[in-house]
Amino acid sequence: MNTSFFKSWYLLITVALIGIFIAIPSSLHSSTYTLLSGWVSFLLLIIVFLYTVRKRLYQLKLSPETRFRVPLKKLERAEARFNAIRGNIRQGNLKTKREIEQVAHRVLKEEQVQRVLRIEVVPNPSSPKKGTGKGTEKSNDPFSIQVFPTEPLGRVSVWLRAHLYLGFAFGVIVLFHGGGSFDSITGWSLNLLTLIVVLTGIVGIFLFSLGPSWITEKEKDLPYEKAFVYRQSLTEKILEIGKGLPPALEKLSRELANHPKQVAQKLPQLQSPSIQLDPQSQKSVQDLLVLLSQRERVSGALESVWKIKFAINFWRWIHIPASVLLMGLVFIHIYSVWRF
Amino acid sequence: MHDPAEPSDLLEKIQGIPLFKDIKGKLLKELAQDVRIEPFEAGKVLLQQGEYTSSFYVVLQGLTTAYRAEADGATEIVGTHSAGDWFGEMPALSHQAQFATVKASSPCVLLVISDHRFRQAYQRVKGFAKLIDERYRERALAIHLRSAPLFKGASRELLDHLSENAQLVTFKEDSTIATEGQVAEAVYLVRSGVIKRVGVDPQTHHETIQAYLCENSSFGECALSSQPIWPATYKTMTRVDVVQLTRDQFRQVYRKVQGSELLLTQTAEALNLEESGAYVDSVAPSSAELDLMVNKKAVVGGRALVIDLKRCTRCNACVESCVAVHDDGIARLNKRGIRTEAGEHMLTSACYHCKIPECMLSCKYGAIRRDLNGGIDFLFDNCTGCSKCEESCPYGVISIAEMFDPKIAPEPTKSSFFKELPVLNWVFKNKETESFDSKIKKAIKCDLCAGMPFEACVYNCPCSAISRIDPEQFAAEGLFDHD
């Protein structure tokens, strides 16, 4: 099970946000409360929606950070200068963390790589790792400069957690906002859609946490990617053997190779052919039967993995359209409140 | 940079340099076609110590100075190069990090030769190799010896005497340098090439590769110890150049430098003990994962890309993001790879940036080099798509892709938002005409998203299922949560 979904700072933010709205005294449960909860939930919805935008922009190669690319020459020059700084640290010319950071940041700026690289100056571990073999040098440098990519927009996994928890917070705060009102069309539809979106989302989290383990369990004997190759290779072998058979059986073997769903129906024709076969052809037919059964097994394995993949993704068919509809209704609701 | 000189001018220039006097005929012409002349201002750092470079430099005009910073912070001038002198022979020969920083002391003009042309000349022309070796012995051998653990505490005097006595020996591919159980007669320091250390299991008599030794590795310290018996067999995997110091040569030096015998013998004993300990450690797996990686040689790699299959929803975001960051639209990552015994982790087919990169050893066109961070880098222009690297990669991470040649035909226009919309996408794709003639073959592999502010696959995995990790650290600590 992927428990990493359940460990996030956004969980604390969600609890805090919900806590604040519960704790607001009932004397304040007026139009101010409604307005505040409305705007907070709208803001949360926007953040939740940004996750989808971030993902989609990337797939479309439109993510702004992909334009941050710097030439390799610049990166290498920066790295060479970091090496020189490391030498200065060793010689004792740079003593404090602040001094080192200042020089290193200057390098990033001068080489114009600050958009793709960031540095961290960390105290060096005092001893080398155990079992590193002969000739391992102990570093006596007091500090080391470590270089990391800047990751300007943040990892998608972090955005996903924000999406999950802030989405849940949105659902709860919307309930506070409307007071669970189902008496108007807007209230009814918004509350219902929110409920659908949040519930399908929760189902999604659990399926995404558990699903990979199910797939991995199924893949133990035959990994998914290998199964594809095996199936293809078995199909090719079936076609090849079929070529050496009499025309009627060759046609049949081609059909069996190209249309796996017809195997059950047409297999008896191959098991007891209507024509007399020479010993060589009989052996080929036996081989074909073995290959067909092997391919059935591989296809079966593929299908069971595919079914799990479908199962862990089916909730999206409800979640995504409902979310789009909810977003649209929220805008209509805000416009109508502002206009009327 | 100068305007490229005419090949005939270059040929004359090269012929006029004493270093190249023995290179003749076709090789000389090829060399002239593949060199460039570059001017540099005074004070310009030409090569940085520790930098992975792959070019060989000959000074045509001006003066350059090489200096080296030692681990203790001391800096010493290693040498100066005037017209006709050269530097960068060791990195060009063996892709190792630059020994010293080289700076232009005055405005200078350099002849720059690519590593594969240099290696060709070094391996084929004896006179050329002799001159290179003589200069290497004069200037760099003492410093090179210092990189071996045996000579860590050695004085400059001792190193100079050893350099005078050392022999520079070349072994062909698949030669046996030393055989387990025989008397060890010499200490070796690898200059270039790859050697495997092979041990034989006394019970099963199966051969096991215990280690790979590449440039700057040393072996045979046992020759100086009280038990001078080879603990394993050493076989070459490629052509190998070594520095050989026999026991007799050591004895001669002992007589000249007081106290050297005690120092070297004690160090050799200590190294022998440490070495036997290290190999015992390395064969004792700390987990099933590490065991598998050792068997599959992944441990010789630098950093592996690992997918936690119990987290991966098989959404393909990693591959899609890999496609998105490469202009040619070809994914460097595919989700085929080594699965661990329990089937929970997969070492994907992305470059391990090996410590001993067999692809680089096999490339005859200088299209593979190490970058400053130690990563393996493909040079697009040098690649001929010959697929030697693809065949030599033990992990199958290199593939040969067909792509548009930017020199012949412009790449298809980049996708826009509208083009990616489902219906319009189909319309646009049908309108694009692809001419097969404008396509070329190039080797591709994971480039760690060089130049980008992220590693796309790791960055875009929504489930934190993919990480680039040190195999040993992975075995000890597992994957990390990034959130």
Side-chain angles (χ1 to χ4, degrees), chain A residues 1-2 4-5 7-9 55 58-63 65-66 68-72 75-76 79-80 83-84 87 90-92 115-117 129-135 137 140 147 149-152 155-161 208 211-213 215-216 219-220 223-226 309 312-313, chain B residues 45 48-51 69 71-75 101 148-149 152 211 218 271 274-275 277-278 281-282 308-314 317 320-321 324-325 334-336 339 343-344 371-373 377 414-417 420 449-455 458-465 472 481-483:
Chain A
M1 184 177 176
N2 185 0
S4 71
F5 289 128
K7 291 180 247 167
S8 174
W9 287 106
K55 251 180 87 173
Y58 212 96
Q59 286 164 345
L60 298 178
K61 301 187 183 185
L62 296 173
S63 185
E65 58 190 351
T66 54
F68 286 5
R69 189 195 289 264
V70 296
L72 286 183
L75 283 181
E76 296 200 342
E79 190 55 40
N83 283 341
R90 198 166 302 139
Q91 288 168 35
R115 290 213 289 190
V116 298
L117 294 183
K129 273 200 283 178
K130 203 183 155 191
T132 42
K134 62 174 180 174
E137 273 186 271
N140 294 322
V147 184
T150 46
E151 300 189 344
R155 293 191 177 200
V156 171
S157 55
V158 180
W159 281 78
L160 177 62
R161 279 138 189 88
F208 265 35
S213 301
I215 297 178
T216 309
E219 281 185 327
K220 251 183 186 164
Y224 193 57
E225 62 278 0
K226 270 189 189 167
K309 282 180 83 170
I312 65 173
N313 284 300
Chain B
V45 174
Q48 187 85 39
Q49 183 179 331
E51 183 181 0
D72 59 7
T75 304
T101 299
K152 276 270 153 64
S218 63
L271 284 170
E274 199 179 331
E275 191 176 41
D281 269 357
S282 72
D308 184 341
L309 295 171
K310 288 206 157 178
R311 287 185 180 187
C312 174
T313 58
R314 280 70 165 172
E320 281 171 13
S321 55
V325 295
N334 72 47
K335 291 187 290 176
R336 281 187 214 129
R339 284 187 185 226
E344 292 177 3
D371 66 20
L372 266 177
N373 296 316
D377 196 10
K414 282 187 183 168
S415 56
S416 71
F417 179 75
E420 292 291 338
C449 297
M452 288 289 190
F454 46 75
E455 233 181 289
V458 179
Y459 191 53
N460 284 294
C461 175
C463 302
S464 309
E472 285 179 59
D481 280 330
H482 307 288
D483 316 310

Note to self: Taking A/Ser157's backbone N and O only, do any of them form a donor-acceptor pair with B/Ser464's side chain (distance below 3.5 Å, no angle check)?
What the structure shows: no
Item checked: Heavy-atom donor-acceptor pair, A/Arg69 side chain to B/Cys449 backbone, under 3.5 Å -> no
Check: Which answer fits B/Cys461, side chain, backbone, both or neither, if we ask what part of it has an atom under 4.5 Å from a heavy atom of chain A?
Finding: backbone
Check: Heavy-atom distance under 4.5 Å to chain B: side chain of A/Ile312, backbone, both or neither?
Finding: side chain
Check: Which pair of non-hydrogen atoms, one from B/Pro462 and one from A/Leu160, has the smallest distance, and what is that distance?
Finding: O-CD2, 3.2 Å
Next item on the list: Return the minimal non-hydrogen interatomic distance between A/Thr150 and B/Pro453, and the atom names on each side.
Entry: OG1-CB, 3.1 Å
Next item on the list: Calculate, to the nearest 0.5 Å, the distance between atoms CG and CD1 belonging to B/Leu309 and A/Ile215 respectively.
Entry: 9.5 Å
Item checked: A/Lys55 side, atom NZ; B/Glu320 side, atom CD - distance, nearest 0.5 Å -> 8.5 Å
Is the shortest side-chain heavy-atom distance between [X] and [Y] below 4.5 Å?
X        : Y        : answer
B/Arg314 : A/Thr216 : yes
B/Tyr459 : A/Pro149 : no
B/Asn460 : A/Arg155 : no
A/Glu65  : B/Phe454 : yes
A/Pro212 : B/Arg311 : no

